Amino acid sequence: MKFLFYLLLVLLLVPLQTTLLPHLSMWNIKPDLGLVAAALVGLFAGELEGLLVGLSIGWILNLFSAGELWLSLLTNGGVGILAGFLGRQLSQVTSLSMGAGLLLVSLASGLLAAMSFQNLDMTQIWWMIQSIVLPQACFDGAVGAGLFWVLSQWFHVTRLRTD
Amino acid sequence: MWMAHSSSPYGAKRIALICFALLLVALFLFPGQIQGLLQYLGGPVGYAVGIPLETIASIDAGIANRWEQYVALQGVREENQQLRKEMEWLRGQHSQLRESAAAIERLTALLQFKEQALPTMIAAQVIGRDATNRYRSIILNKGESDGIKPDMGVVTPAGVVGRVVKTTGVSSVVLLITDPNNAIAGLIQRTRDEGIVEGTQQGLARMKYIPLLSTLRDGDRIVTSGLVGGFPRGLMIGTITNIDKQEGALFQSAELMPEVDVARVEEVLVIQTSYGQSTKVAEEADSKGKPAP
């Protein structure tokens, strides 16, 4: 059942991200739902599932992007595993902390991507950070916080630490 | 409010870490092989993802169509669309005729003509945009099974759109001409000077490496040079809007306004074979007694 859910999530994420989200983009910036989904799965289901789902999302979304595969795998898989660890370490996760965490992770992945562009000079990299990386990080944080709030209201999830 | 947990066994954390570390090591040691393998495995996955993607894209197109037909001014819009299409077609024709005229002048002097066949093209629809914000690319509803391969040129009747960079079974990703990672060999139609056309961060294009002695000016038209890449010679790329000539520099560069509005493109043509190649294919087909594709 869980596998089917993850399969549907990964399959539906592609049309959602590539076909529907461009209509909802603001200033030509759309949130990275793959990153948000990987973080939520990691947080709710633990680091292993977060990693596997994050890697699958990264791989499949990369098939429909001109971007580098390693970056997509690294960021989505990394977010899944990191969210799993943080979910274990933090005593309470709120929408606010989820949003802040996603903002930071999105910022880090955006900076990594900007640095990996080989033919850009510093002015262009700075322009990219200002007009793409920063707004997207804010967008990802807001969407992540919103989705986390909806999910936590919906499921009334309460999970206790055991170690 | 959600309480963090650790109900999963301690082993899961180890397994996750080991898997991630192994993947990282493999990616850094064998980047090409891993990328190739995952791209190969992505072929069948592309078919699976293609089903919801095409379904949602067609629903999206249907809704957009209804909106445009019934909510927006129906008659005016249709007429406008028709006129725009006609204008794009005429622009393409105009550009090709100018190019033909210039070519005829040169070729008449040489008196050595080679018969040129029309390029083979595949029509495709745009079903999505890049999954990230960092690249300017579009997703087409045709892929490897339709004969599309990486590096093929993509155009509309008005001019160049971009270049295919990735394919799955039923879809392909086209890097747009306005992306900074794209580079196309261009030619200034009036002066015949060559250069490289690249995208800019601002969503326009720039022609670099123009000879310093070139007499280019604002309004000059840039076409494909046909030297490298999947484009035949003479396809419209854009018009020069600003020239950058710095003292002491070896080359000059110019900003371009792309001819095709790539943000709104809906249908495109993928160039399967260029002029020269299609002639070869036709000759091979003739020798085998088969019709050319």
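Values below: all heavy atoms of this structure, side chains included; hydrogens, waters and symmetry mates excluded. Chain letters run A, B, ... following the sequence lines, proteins first and then strands; every chain starts at 1. Just so it is clear, the structure is predicted and the values come from calculations on it, not from any experiment.
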Candidates B:Thr132, B:Val173, B:Val165 - the one meeting side-chain contact (heavy atoms from CB on, under 4.5 Å) with A:Ser65: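 Among B:Thr132, B:Val173, B:Val165, the one that satisfies the side-chain contact (heavy atoms from CB on, under 4.5 Å) with A:Ser65 is B:Thr132.
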By a 4.5 Å heavy-atom criterion (distance strictly below it), what part of [X] contacts chain B: side chain, backbone, both, or neither?
| X | result |
| --- | --- |
| A:Ile60 | side chain |
| A:Leu63 | both |
| A:Leu61 | both |

Whether over 12 other heavy atoms sit under 6.0 Å from A:Phe85 CZ: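 For A:Phe85, atom CZ is crowded (more than 12 foreign heavy atoms under 6.0 Å).
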Going from [atom1] on [X] to [atom2] on [Y], what distance comes out if it is rounded to the nearest 0.5 angstrom?
| X | Y | atom1 | atom2 | value |
| --- | --- | --- | --- | --- |
| B:Leu53 | A:Leu16 | CG | CG | 11.0 Å |
| A:Asp32 | B:Asn133 | CG | CG | 8.0 Å |
| A:Phe64 | B:Ile127 | CZ | CD1 | 7.5 Å |

Which atom names give the shortest non-hydrogen contact between [X] and [Y], and what distance separates them?
| X | Y | answer |
| --- | --- | --- |
| B:Lys166 | A:Ala66 | NZ-C, 4.3 Å |
| A:Thr19 | B:Ala57 | CG2-CA, 3.7 Å |
| B:Pro52 | A:Leu11 | CG-O, 3.9 Å |

Polar side-chain atom of A:Lys30 near backbone of B:Ala131 as donor-acceptor pair, under 3.5 Å: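 Not at all, since once roles are kept as given, no pair shorter than 3.5 Å links the two residues.
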B:Asp130 side chain reached by A:Thr18 side chain, heavy atoms, under 4.5 Å: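 A side-chain contact is absent here, since even the closest heavy-atom pair is not under 4.5 Å.
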